[in-house]
*Asks:* 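Okay, handing you the structure first.
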Amino acid sequence: MPGTVLLLAASPAGRSCLVDAASVLPILAAVAPDVLSGTDTANVVELADPLEPQAVLTRLRAAATAPGPLTVFLTGQLQLDRRQRLPHLALARTTAATVRYTGFPWHWIREELRLRAQGSTAVVVDLHTDAETWQHLAGQPLTVGPGALLYGRVAPPPPRRAVASPMYMKSVATILRSGHRPPLAHLHQQALTRSSGEDPEAARRDIVLAVDPTQPTRPAQPVHPAQPPMHSVPGFQPAPPPVPAPVPMSAPAPASPMAPPSPLPPSDPHAEITAAVESGRHAEAAELAGRQEQEALRAHGPRADEVVHWMEVRADLAMFAGDAELSCRIWLAVADVRLAAGQEPGAPGVEAAVDRAHHQWGRIGDSARARELGPALADLRLRVPGRRQGALDDVQRNLSRLQAQV
């Protein structure tokens, strides 16, 4: 099955720039698509210094919904928004004062990747931060979703008035240009070794990310350096490569006939749903998610996170099936549940639900159905304006147009 590769390099223009992110793209673009993805064939999408968060979201969403393995190579810088103190990928127009509106929220990456089958997604990052974000990430490491592999490094701010070079990602690209793609864990270690030759301080300064959810028995653990440099905070050291279990030279003895059979591992409903969607069995996928939601409702109650999660899964499944009306209805319900549970209108989950309801509403082909849902969306937009300027005006304008058609 063909793979998908997203090459994303983003950094602000002017004095806010900490890293020359786009400088790595020519090297990555010179790598053969099949080597970038680790599959026989691959589609490669390149996004250099994007201006708008919605443009990044559109490309990421398209990549996340494509069948087959997905690899994201992401180079740039992170900044915190001043209101919610959430990390954002800084885009071309981002400044410290406007990051909430001009940056790409990191949690959107988790949102878009959360439905992908475990092990089918890999994110390779080379990120720089300002001092405030560096302190924040030392205690709250980045994640990209429960089933995605994450490798890379996060570097502290460069010296004043200096622009750093993405040495880790350039090392990754240089290794891949040989035409061979080693396993990602090995590629990561080789890139760390190569980049540390260019910058010897990186090994004890940077936060190194090595997360592989396909190896649950050996999760990556943060290890703090014994003597961190005075100008930085403790970071993560690369996890040691997994040690293979010893293999006995002779065949194991047969199990005793009295021994009980080993229990089968529990099935992963997310994997079953993903398989159903990829094979076009959308009704079956929706039924599986609906059963999970009902089980969560009985076990945890109507406002529990587990219930909201499966509501969101059903909303995405309706989108995949092309049912924009149903997807919009469910996202509206998700927003109502989150608000009723006491979440603030500016909370990421609330904003994401309303934004997605708005997006799906605009795709409803039946004018009568769109008119029916429009007032509920407009009421929510009054409470949850979101980050997209003019979102409420957009709903009201289109609702007026639909009502004029009656």
*Asks:* Does any donor atom in the side chain of Ser195 or Lys170 lie under 3.5 Å from an acceptor atom in the other side chain?
*Replies:*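 No, Lys170 and Ser195 have no side-chain donor paired with an acceptor closer than 3.5 Å.
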
*Asks:* For the residue pair Thr129 and Leu18, establish whether any side-chain heavy-atom pair is separated by less than 4.5 Å.
*Replies:*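 Contact flag for Thr129/Leu18 side chains = no.
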
*Asks:* Could Arg114 and Asp316 be called an ion pair, given the rule that one side-chain N must be under 4.0 Å from one carboxylate O?
*Replies:*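 So Arg114 pairs with Asp316 through a salt bridge.
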
*Asks:* Set out, in order, the CA-CA distance, both residues' side-chain angles and the distance that settles side-chain hydrogen bond (donor to acceptor under 3.5 Å, both in side chains) for His358 and Arg381, then state yes or no.
*Replies:* CA-CA 9 Å; His358 190 162; Arg381 271 299 182 207; 3.2 Å; yes

*Asks:* Residues two or more places apart in sequence or in another chain: which of them pass side-chain hydrogen bond (donor to acceptor under 3.5 Å, both in side chains) with Ser279?
*Replies:*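 Scan of Ser279 (side-chain hydrogen bond (donor to acceptor under 3.5 Å, both in side chains), adjacent residues dropped) gives Arg281.
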
*Asks:* Got Tyr151 and Val123 here, is their nearest side-chain heavy-atom distance under 4.5 Å?
*Replies:*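 Side-chain contact under 4.5 Å: no.
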
*Asks:* Sort and list the pairs that fulfil salt bridge (Lys or Arg N to Asp or Glu O under 4.0 Å) and have at least one residue in residues 68-91, not counting sequence neighbours.
*Replies:*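 Matches after skipping sequence neighbours: Arg85-Glu132.
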
*Asks:* Between Thr102 and Arg93, is there a side-chain donor-acceptor contact under 3.5 Å, judged purely by atom types and distance?
*Replies:*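 Looking only at side-chain atoms, Thr102 and Arg93 do not form any donor-acceptor pair under 3.5 Å.
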
*Asks:* Within a radius of less than 6.0 Å around CG of Asp305, do more than 12 heavy atoms belonging to other residues, nucleotides or ligands occur?
*Replies:*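 Incorrect, the count does not exceed 12.
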
*Asks:* Check Glu306 with Arg298, please: is the shortest side-chain N to carboxylate O separation under 4.0 Å?
*Replies:*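 No salt bridge links Arg298 with Glu306.
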
*Asks:* May I ask you to decide whether Arg291 forms a salt bridge with Glu295, counting only side-chain N to carboxylate O separations under 4.0 Å?
*Replies:*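 No.
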
*Asks:* Looking only at side-chain N and O atoms, does Thr98 offer a donor or acceptor that is under 3.5 Å from a partner on Thr95?
*Replies:*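 Yes, a side-chain donor-acceptor pair sits under 3.5 Å.
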
*Asks:* Salt bridge check, Glu325 against Arg371: does any charged N sit closer than 4.0 Å to a carboxylate O?
*Replies:*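 Looking at Glu325 together with Arg371, the answer is no, because their closest N to O distance does not fall below 4.0 Å.
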
*Asks:* Indicate yes or no: at least one non-hydrogen side-chain atom of Glu344 is less than 4.5 angstrom from one of Val350.
*Replies:*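 Glu344 does not reach Val350 side chain to side chain.
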
*Asks:* Could you check whether atom CG of Asp40 has more than 12 heavy atoms from other residues, nucleotides or ligands sitting under 6.0 Å from it?
*Replies:*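 Not more than 12 within 6.0 Å, no.
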
*Asks:* Are there over 12 heavy-atom neighbours, none belonging to Arg61, within less than 6.0 Å of that residue's CZ?
*Replies:*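 Counting other residues, nucleotides and ligands, CZ of Arg61 exceeds 12 neighbours.
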
*Asks:* Just checking, any donor-acceptor pair under 3.5 angstrom between side chains of Gln79 and Gln77?
*Replies:*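 Yes, a side-chain donor-acceptor pair sits under 3.5 Å.
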
*Asks:* So, Glu287 and Arg314, do they make that salt bridge, N to O below 4.0 Å?
*Replies:*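 Not counted as a salt bridge, because no side-chain N and carboxylate O are separated by less than 4.0 Å.
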
